[in-house]
Every structure is written in C-alpha cells, then in structure tokens.
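Step one of this worksheet: look at the structure below.
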Amino acid sequence: MAFWSSSMLPLLGLLSLFFLHPFSTSSSVHAIRLGAVVRRPSPDVPIFREAPAFRNGDACGTRDADGIHVSMTLDANYLRGTMAAVLSILQHSTCPENLSFHFLSAQHVPEIVSRIQATFPYLNFRVYRFDSNRVRGKISKSIRRALDQPLNYARIYLADILPANVRRVIYLDSDLVMVDDISNLWGVDLGDKVVAAPEYCHANFTKYFTDEFWSSAEMAKTFKGRSPCYFNTGVMVVDVDRWRKGGYTQKVEEWMAVQKQNRIYDLGSLPPFLLVLAGNIKAVDHRWNQHGLGGDNLEGKCRNLHPGPISLLHWSGKGKPWLRLDSRKPCAVDHLWAPYDLYRSSRVSLEE
C-alpha cells in the first residue's frame with residue numbers, strides 16, 4: 001500500500017520519503033530523494049509546537065494485540081484542526097502508544113509529513129496518497145465549495161487504501177476534538193453492521209434529498225424496509241472487512257452516478273452514504289458526536305452545545321474554530337477547542 005511512515009522520516013529538512021502508488025498491491029518502493037537541502041518552510045504549511053510525549057498506562061497491552069486504528073484526511077487548510085484532534089485523542093487515551101493513525105492525502109507534501117513528525121515525535125502514523133482522479137468525474141456541485149473537494153470523498157475508499165491487516169477503523173473529520181478515551185468508541189459492538197455512528201432520528205430526513213428524489217417512486221422506495229435516520233459521516237467506526245466484502249464503495253459510487261444525471265441531493269459526500277446505510281447502522285450514544293458547532297453550512301452562525309454528556313466536540317458546518325479565534329470573533333464553543341491548538345504563529349516564533 002502507499003504510505004509514508006513516521007518511522008521512515010529522518011531529521012526535519014533532510015527528507016527521504018518512500019512513496020508507493022496508492023492503489024497498487026505491488027511491494028516495490030519508489031524512493032523520492034529530496035536531497036540534503038534545507039528548504040524554506042512553506043507559507044501554506046503552518047508550524048506547530050511539539051506536543052508532550054504520551055505513554056501507556058500499566059494495564060495496556062501491545063499495539064499488535066490491542067491496537068486502535070484511526071483514519072483522518074490531511075490538507076494544509078485543515079492541518080491546524082488535524083493537529084488539535086490528534087492531541088486531544090492522545091491526551092485522553094489510557095493507551096496512547098497503542099494508537100495507529102492513517103492519514104489520507106491528495107498530494108505528496110513532504111512538509112506536512114515532517115510537521116507531524118516534529119509535532120508528535122512518538123506518533124505511530126502512515127500517510128497514504130488518495131488519487132483525486134478517482135472521484136473527480138463523479139463529484140457534483142454542492143451548497144458549499146469546501147464540500148466539493150475530492151479529499152472529502154476519500155472516506156468512501158478507506159477499504160481500498162488501508163492495508164489488509166486493518167480490519168476496523170475509526171474515521172474522524174479534522175474539525176473536532178475528543179474529550180474521552182477513544183477505546184470506549186473503538187469497543188462498540190457492531191454486530192452484523194458495517195458502520196457505527198450516532199443517529200439523529202429527530203432530524204427531518206427528507207431535507208437531505210431534493211424533491212426530484214422523493215417524486216420518483218423508484219428512488220423513494222430506496223428506504224423501503226428501513227427506518228432511515230441522519231448520521232454524520234465525520235465520526236464513524238467502520239468494519240473494513242465487511243465494507244470490502246459487501247462492495248460498499250461501489251454502492252456509494254452508484255448513487256454518485258445517479259446524482260450526476262439527476263440532482264437528488266445538495267450536500268457533498270454525505271447523502272450517498274445515507275442512501276446506502278441510513279437505517280442499517282449500529283447506533284452509538286450521541287455523546288460521541290456533538291456536531292454542528294461550526295454553525296450552518298451557509299453562514300456559520302454560532303451554535304450552543306446540546307444538553308447531555310460529551311465525549312467528542314465537532315465543528316461541522318462552515319465556521320471553523322481556528323479561523324474564528326484568529327479573527328477575534330469566536331463563538332463561545334470555540335474556546336473549548338483552543339486548549340488543543342498547537343499552532344505557533346510567526347509572531348510567536350520571532351519572539352522566541
């Protein structure tokens with residue numbers, strides 16, 4: 001599989017990374033030598049403070065026997081959020097050394113890889129290249145441009161990208177922080193289900209699809225025999241083995257093809273997931289996705305926390321906490337994200 005591994009990275013600025021074709025089963029390695037040249041930091045890739053080292057508790061097993069796999073996407077625009085998310089997961093984990101992170105990236109950006117290594121020197125991670133061409137012709141315009149980026153669709157292809165030995169993975173968006181031990185989410189019993197996630201059955205499910213969808217008797221009966229509820233694809237536990245065997249990537253792609261011919265939804269990569277899986281997932285407690293903190297998808301208006309216990313805070317929606325904090329116009333909930341921000345501004349760097 002295609003990856004850059006943290007164990008392969010040398011010193012910052014002197015990189016020699018291994019890069020494989022993303023979907024090849026070949027074991028051949030194509031080395032990209034960048035040479036012993038100290039490069040200027042890219043202004044597009046932020047710099048971060050080094051995180052503390054997090055160690056396992058006495059009762060922890062080994063990574064091989066008791067490992068937890070987490071997958072996220074990597075993008076320069078969201079890297080600050082990714083770093084905060086990783087820190088929050090490590091900080092609240094009883095067995096942080098048992099965690100393996102699988103990052104999906106649409107581009108080969110050595111500086112991003114080196115930033116992760118420098119910020120989390122002890123992190124076990126790999127970076128896999130996601131081929132944007134795989135979805136470029138399948139994407140339809142949504143109500144928000146950020147939702148149209150190919151990398152937003154990478155979660156559909158996890159089963160193709162991850163190594164065969166990864167049989168279960170927690171997929172997480174980059175605009176969240178975890179305030180509970182991730183092992184409590186990892187341990188959910190999926191039974192015969194492919195995906196586990198919080199369900200929101202009070203939401204108006206019909207609004208996720210257009211009138212054209214509901215007016216078609218053939219399409220409307222898609223949910224026959226199911227009681228579909230909205231779920232957010234930014235926090236999912238995925239049985240990768242079942243996903244592969246059930247051909248779920250192809251099932252999602254089929255609905256994306258329908259969307260290209262007939263506009264049946266407006267929201268990026270979420271609706272095809274709902275079409276395939278809504279009403280047939282393992283529901284977990286709402287505490288694992290306190291979503292919508294970024295506000296609505298058009299204006300990003302401030303929202304308050306929902307009542308009840310919280311294990312994960314998710315700034316889904318247009319407003320991202322780091323942008324609102326930097327603009328000095330934060331929402332109240334953004335201050336809950338700030339303690340996990342490892343960003344080091346150029347001003348602070350100069351003062352140091």
Side-chain angles (χ1 to χ4, degrees), residues 1-3 20-26 69-73 102 104 106 128-140 142 147 149-173 186 188-197 199 205 208-209 213 216 218-262 264-265 267-284:
M1 295 302 298
F3 64 85
L20 300 180
H21 188 278
F23 304 110
S24 172
T25 57
S26 169
H69 296 277
V70 181
S71 184
M72 305 175 73
T73 57
H102 305 267
L104 313 180
Y128 308 77
R129 186 179 171 218
F130 171 66
D131 185 0
S132 297
N133 291 323
R134 187 157 188 183
V135 293
R136 202 173 295 280
K138 300 181 177 73
I139 296 174
S140 301
S142 64
L147 300 177
Q149 301 305 308
L151 195 58
N152 196 44
Y153 290 78
R155 70 198 79 187
I156 298 170
Y157 301 94
L158 281 173
D160 298 335
I161 299 172
L162 297 180
N165 66 314
V166 177
R167 305 182 65 182
R168 172 185 286 211
V169 69
I170 296 176
Y171 177 84
L172 298 173
D173 276 349
W186 176 259
V188 61
D189 181 4
L190 272 77
D192 62 351
K193 305 302 183 185
V194 180
V195 167
E199 282 187 319
F205 189 79
Y208 294 100
F209 305 95
F213 175 84
S216 166
E218 187 66 25
M219 286 193 279
K221 70 180 185 182
T222 299
F223 298 106
K224 186 177 180 180
R226 292 193 264 166
S227 298
C229 296
Y230 163 77
F231 68 93
N232 182 282
T233 55
V235 180
M236 299 185 291
V237 184
V238 182
D239 186 319
V240 184
D241 274 350
R242 276 205 181 91
W243 185 283
R244 292 187 183 112
K245 292 173 183 175
Y248 282 88
T249 295
Q250 291 71 31
K251 291 177 182 179
V252 174
E253 285 184 328
E254 286 169 6
W255 279 113
M256 291 168 65
V258 173
Q259 165 75 351
K260 290 289 286 187
Q261 298 297 321
N262 307 281
I264 58 174
Y265 54 78
L267 273 176
S269 64
L270 168 64
F273 266 90
L274 297 180
L275 286 161
V276 174
L277 290 162
N280 195 28
I281 70 169
K282 174 70 174 183
V284 299

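Nothing here was measured: the structure is a model prediction, and the numbers come from that model.
- A 4.5 Å side-chain heavy-atom check between Tyr248 and Ile156 finds every atom pair outside the cut-off.
- Note: Thr73 OG1 to Leu151 CG = 4.5 Å, rounded to the nearest 0.5 Å.
- At least one donor-acceptor pair under 3.5 Å links the side chain of Arg244 to the backbone N or O of Ala159.
- With rounding to the nearest 0.5 angstrom, the CZ atom of Arg242 is 6.0 Å from the CG atom of Asp192.
- Just one of Val284, Ile170, Val195, Ile281 meets the side-chain contact (heavy atoms from CB on, under 4.5 Å) condition when paired with Val237; it is Ile170.
- Residues Pro271 and Phe209 have side chains in contact (heavy-atom distance under 4.5 Å, counting atoms from C-beta outward).
- Between Phe231 and Phe273, the two ring planes are perpendicular [angle over 60°; tilted spans 30° to 60°].
- Residue Arg129 comes nearest to Ala106 through the heavy atom pair NE-O, 3.9 Å, listed as atom of the first residue, atom of the second, then distance.
- Side-chain atoms of Thr249 do not come within 3.5 Å of backbone N or O of Tyr157 as any donor-acceptor pair.
- Smallest separation of non-hydrogen atoms from Lys221 and Glu218: CG-O, 3.1 Å.
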* To do: Would you check, one step at a time, whether the test side-chain contact (heavy atoms from CB on, under 4.5 Å) holds for Trp186 with Val70?
  => CA-CA 9 Å; Trp186 176 259; Val70 181; over 6 Å; no
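- Minimum heavy-atom separation, Tyr171 to Leu158: CD1-CD1, 3.9 Å.
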* Step by step, would you call Phe213 with Leu275 a side-chain contact (heavy atoms from CB on, under 4.5 Å)? -> CA-CA 11 Å; Phe213 175 84; Leu275 286 161; 3.6 Å; yes
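- Under the side-chain contact (heavy atoms from CB on, under 4.5 Å) criterion, Asp189 pairs with no residue, sequence neighbours left out.
- If you take NZ on Lys138 and OG on Ser269, they are separated by 14.0 Å, rounding to the nearest 0.5 Å.
- For the atom pair CE (Met256) and CD (Gln261), the distance works out to 13.5 Å, reported to the nearest 0.5 Å.
- The backbone N or O of Asn280 lies less than 3.5 Å from no partner atom in the side chain of Lys193, so there is not a single donor-acceptor pair.
- Using the six-membered ring where Trp is involved, Tyr208 and Tyr230 have ring planes that are parallel, under 30° apart on the 30 and 60° scheme.
- Of the possible polar contacts, one joining the Arg226 side chain to the Thr222 backbone as a donor-acceptor pair under 3.5 Å is found.
- Side-chain contact between Arg168 and His69 is absent, with no heavy-atom pair separated by less than 4.5 Å.
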* So Leu172 and Ser71, side-chain contact (heavy atoms from CB on, under 4.5 Å) or not? Walk me through it. -> CA-CA 6 Å; Leu172 298 173; Ser71 184; over 6 Å; no
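- In this structure, OG in Ser132 is found 8.0 Å from CD1 in Ile139, a value given to the nearest 0.5 Å.
- Between Asp241 and Arg167, at least one side-chain nitrogen of the basic residue sits less than 4.0 Å from a carboxylate oxygen of the acidic one, meeting the salt-bridge criterion.
- The shortest distance between side-chain heavy atoms of Trp255 and Leu274 does not fall below 4.5 Å.
- With salt bridges taken as basic N to acidic carboxylate O contacts below 4.0 Å, none links Arg134 and Asp131.
- Contact detail for Gly137 and Lys260: the closest heavy-atom pair is O-CE, 3.3 Å.
- Taking the charged nitrogens against the carboxylate oxygens, Asp173 and Arg155 do have a contact shorter than 4.0 Å, which makes a salt bridge.
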* **Met219 vs Ile264, side-chain contact (heavy atoms from CB on, under 4.5 Å): CA-CA, chis, key distance, verdict** => CA-CA 9 Å; Met219 286 193 279; Ile264 58 174; 3.8 Å; yes
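- The side-chain heavy atoms of Tyr153 and Val252, taken from C-beta on, include no pair separated by under 4.5 Å.
- To the nearest 0.5 Å, the span separating CG on Asn262 from OG on Ser216 amounts to 8.0 Å.
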